Amino acid sequence: MIKNGDVSFIVNTTEATRTSHSDSRAIRTTALARRVTYYTTIAGAKAACTGMKYHLASLEPYRLQDLHARLKQAAAEAVS
């Protein structure tokens, strides 16, 4: 599921067994390769969710085309 892009947030806690550490390493490696947000503690995941909850409320979407137009204009002004 991670490799297919079906997962965007992972909370992976482990037990003190060799198998769980091996599984955790495989999950972590795949998550990092796919740039998936990854937490190893419940406290860390809760803090991230709380932060996202408040941060996302203040975000405003914008068109990518407008961003590129502003960057192009700023570059043209810097040259002249």
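It should be emphasised that the depicted structure is a prediction, and the values quoted were computed from it without experimental measurement. Heavy atoms only: backbone and side chains are in, while hydrogens, waters and symmetry mates are out.
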**Separation of Ser22 OG from Arg25 CZ (nearest 0.5 Å)** = 8.0 Å

**Asked** Looking only at heavy atoms, which two atoms of Thr13 and Thr41 are closest? And how far apart?
**Response** CG2-CA, 4.3 Å

**Item:** Spacing of Ile27 atom CD1 and Leu32 atom CG [to the nearest 0.5 Å]
**Value:** 12.0 Å

**Complete:** Residues Val36 and Phe9: closest non-hydrogen pair is CG1-N, 3.9 Å

**Request:** State the OG1-CE distance between Thr37 and Met52, to the nearest 0.5 angstrom.
**Result:** 6.5 Å

